[in-house]
Amino acid sequence: MTASASIDDLLAKLNPQQREAATFGDGPLLIVAGAGTGKTATLVHRVAWLIARGVDPSRILLLTFTRRAAAEMLHRADGLLQQLHHRGTTRVWSGTYHAVASRLLRRHAKAIGLPPEFTVHDRTDSEDLLNVVRTELELAKTDKRFPKKGTCMSIYSRCVNARQKLERVLTESFPWCREWAEELKRLFDAFVDRKEAAGVLDYDDLLLYWDALLADPEVGPEVRKQFDCVLVDEYQDTNALQADILFKLSPDGKGVTAVGDDAQSIYAFRAATVRNILDFPKHYANAAIVTLEQNYRSTQPILEATNQVIAQAKERFTKNLWSQRSDGGRPVLVHAEDEADQAEFVVRHVLEHREAGVDLRRQAVLFRASHHSILLEAELARANIPFQKFGGLKFVETAHVKDLMAYLRLAENPRDVVSGMRILPLLPGIGPGKAQQLMLTLQQSGGDFSCWNQWRPPTGAAELWPKFVALLQGLTRTSEELPAQLHRVRKFYAPLMETKYDHVEPRLRDLEQLELIASRYRNRRQMLLEITLDPPNSTQDLAGDPVLDDDYLVLSTIHSAKGLEWDVVYVIHAADGNIPSDMATKHPQEIEEELRLFYVALTRAKNHLYVCYPLRYYQSRFGDQHSYAQRTRFLPNHLLACFEQQVTDPRQADPDDDESAGPTSSTTSRSIRRKAKDLWNGI
DNA sequence: CTGTTGAAATTTTTT
DNA sequence: ATTTCAACAG
């Protein structure tokens, strides 16, 4: 490493398109970056280039999809800047839209009449509050069923994030709820009032308030002037509201860089719209577009397959990815007998690749829905293969962790009704009714917990009540260190938890873990905020540095695999109904999104790609009731030429099965019966 | 008003 | 399999 590299030395490592993008002038600039084309490297160089050119780091805003992505990019940009002996990126504003919104809103809270101590609700908290309102309005008290809280929340969220009228959202996305339009309006009105009264913002509010902040004639210009450059990663997965925010940050597009790949837009269910990236050139009349097409990730045979898969999409920026890596064979399409057979195939090949020198952590199994990996997880455990699962329910979203956090949150913000309604009914003899009364009393006393000392608890809670009130009063004294606070809460809560839930042991460990890592946070508010805005995947993830020599296989939903890559990738359950999901085949555009999702999964692979699907799905664990699976419609016949086809070996009979003692051939009485049943059950 | 039980409906992806 | 709601006993 030379002591005095020049910026040109660093840029020399980029290809011409990447370099053009990295060193482009004021913008607006759209970088259309196909999968594996060095998008991150380009963005990293652009940040470094801007700073090296003299842009003040604190006047750069970098918006990414996860905080981890932001941290990694800034780290890499720092590496480049160090070589130039240039100051680093510490003062760059970075993070997700939501995280940046919370920082900006905290700073400008007073100007728009927002209490600076506002707390942030995650999706389930918000649903709970919506449910409180729903019960109060007695909307469920009709002969026809009112949509449940999750559905109501989705409708509300879509209105806000897609900036669409309720009627339109109902017609286009929730046609079965159309008859409830009037009730939903009342519900949402009351819901908004309740959030205001509680001093909370939810995910939707963070964006809504940021947008409003920018629209404000007083504060808006101030916030806008704060940034010279705004870079947005994964632009294909932003929604209309986020596009509005970007537009308000820089109406003429000066300093704006958007990076994305329309072919990888997979968050429409969260109101993201591929229109943001497709219409970027229309939105900013003078926009320049740089397209990155050279793929550095995958072998040419894999790319040929993925190119053909995405060629089935209707509207997109046409890219034809190519690679210089002509090594390697075609991807493999694996026909497995059933789910167990599929799991067995994956286990065997994972081990084979490890034998061949590919660490577990350089291999990944990808699937559409979190529960698709359950059987595989059992097989992996049996084969002693360590794995880490990404996506699905995160550990901070589990009931016991949410309970624990609710104590802290209520102390932080006594107006937070959801937290109160969560922890009060944990006490024996206190249900929703009394909890609501108590929260009302608390509001009237201005959030002073001592008002609860006057209350006469029911006999069941007589002993615990004074301790409970004392606990919350203690937590209000901010002098206490955070780990100590968590310790007090845990001591009080753990016994309650044990009576309330099963699987007590692992839950207790989670609570201990949480206490251990509490010292990493600056303060209580910071901990609550970070945990809701960037929920860690596991306690281990929370703890920060996983042990280096820890080798584990990656299991991940396709959504959580975004932006990542592995040497060996197994896509499992590539059967119609799973990919595309049965739940997303109503609308043609939903199917398009599922196609892109499949494309994202395939393009994660560097050297080896296996696409597996089981021929049969059993309805229950016992008996032979099963249905037939169809290969995913995204691999029609004309595409099969890109794949090598493989049928798994007949699975060896499970030693627990009584058949194993008898016949040794692969034909067993059971398999014959199965086949016979196909005659009338099959399609 | 709480806590339990049973029946009925719904079943993905996540900041 | 999980969540929601109504019915009922304490």
Side-chain angles (χ1 to χ4, degrees), chain A residues 63-70 95-102 120-127 131 134-135 139-151 153-154 157 160-161 176 201-207 234 237-239 241-242 265-272 366-372 374 390-394 396-397 399 424-438 457-461 499-500 529-535 537 556-562 573 577-585 590 593-594 596-598 600-601 620-621:
Chain A
L63 295 166
T64 55
F65 203 71
T66 61
R67 194 179 49 172
R68 206 166 135 199
T96 61
Y97 265 92
H98 296 86
V100 169
S102 90
V120 177
H121 274 183
D122 70 11
R123 162 99 197 212
T124 36
D125 300 327
S126 221
E127 274 178 15
N131 206 32
R134 197 175 80 131
T135 335
L139 291 168
K141 281 201 169 176
T142 45
D143 22 332
K144 289 200 81 178
R145 250 175 130 84
F146 192 74
K148 38 198 220 180
K149 62 177 178 186
T151 314
M153 192 67 222
S154 301
S157 263
V160 172
N161 287 292
W176 65 93
L201 298 186
D202 58 18
Y203 290 149
D204 304 328
D205 290 332
L206 287 171
L207 300 183
E234 309 281 10
D237 284 321
T238 55
N239 59 43
L241 182 52
Q242 289 167 314
S265 164
I266 54 173
Y267 276 87
F269 69 92
R270 225 170 74 182
L366 308 182
F367 34 85
R368 170 72 239 263
S370 179
H371 67 260
H372 286 165
I374 292 173
F390 297 87
L393 192 72
K394 299 193 172 111
V396 291
E397 289 158 354
L424 283 165
L426 291 170
L427 300 169
I430 298 181
K434 291 204 171 79
Q436 202 174 2
Q437 259 316 307
L438 285 162
T459 42
T499 63
K500 201 92 182 166
L529 193 66
E530 284 192 27
I531 279 184
T532 42
L533 287 183
D534 191 22
N537 268 298
S556 175
T557 59
I558 301 174
H559 282 92
S560 297
K562 182 159 111 136
H573 289 295
N578 290 330
I579 306 177
S581 164
D582 268 335
M583 259 130 281
T585 45
E590 286 180 322
E593 172 141 319
E594 297 285 311
R596 295 191 294 265
L597 195 56
F598 186 52
V600 167
S620 79
R621 212 142 58 79

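Note on naming: letters A, B, ... go to the chains in the order of the sequence lines (proteins, then strands), and numbering restarts at 1 for each one. Computed from a predicted structure; not experimentally measured.
Here A:P432 lies in heavy-atom contact (under 4.0 Å) with sugar-phosphate atoms only. Within the 4.0 angstrom heavy-atom criterion, no nucleotide atom of any strand lies near A:P425. Residue A:R134 is classed as a sugar-phosphate contact, given heavy-atom separations below 4.0 Å to backbone atoms only.
Look at NZ on A:K434: it is 8 Å from P on B:dC1, rounded to the nearest Å. Per the geometry, CD belonging to A:Q437 stands 9 Å off P belonging to B:dC1, to the nearest Å.
Between A:E397 and A:R123 there is no salt bridge, since no side-chain nitrogen of the basic residue lies less than 4.0 Å from a carboxylate oxygen of the acidic one. Ionic pairing of A:K562 and A:D237 is present here: one or more N-O contacts between side-chain nitrogen and carboxylate oxygen are shorter than 4.0 angstrom.
Between the side chain of A:T151 and the backbone N or O of A:P147, no donor-acceptor pair lies under 3.5 Å.
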Heavy-atom protein contacts under 4.0 Å, nucleotides 8-15 of chain B, coded B base, S sugar-phosphate only, - none: --S-BBBB
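Between A:H559 and A:Y267, the ring centre distance stays below 6.0 Å. Taking the centre of each ring, A:H573 and A:F367 stay at or above the 6.0 Å mark.
With both ends at atom P, the span from C:dT4 to B:dT13 equals 16 Å, rounded to whole Å.
Every residue two or more places apart in sequence or in another chain that forms a side chain to side chain contact (heavy atoms under 4.5 Å, CB included) with A:P580 is listed here: A:D576, A:T585, A:E594, A:T632, A:R633, A:F634.
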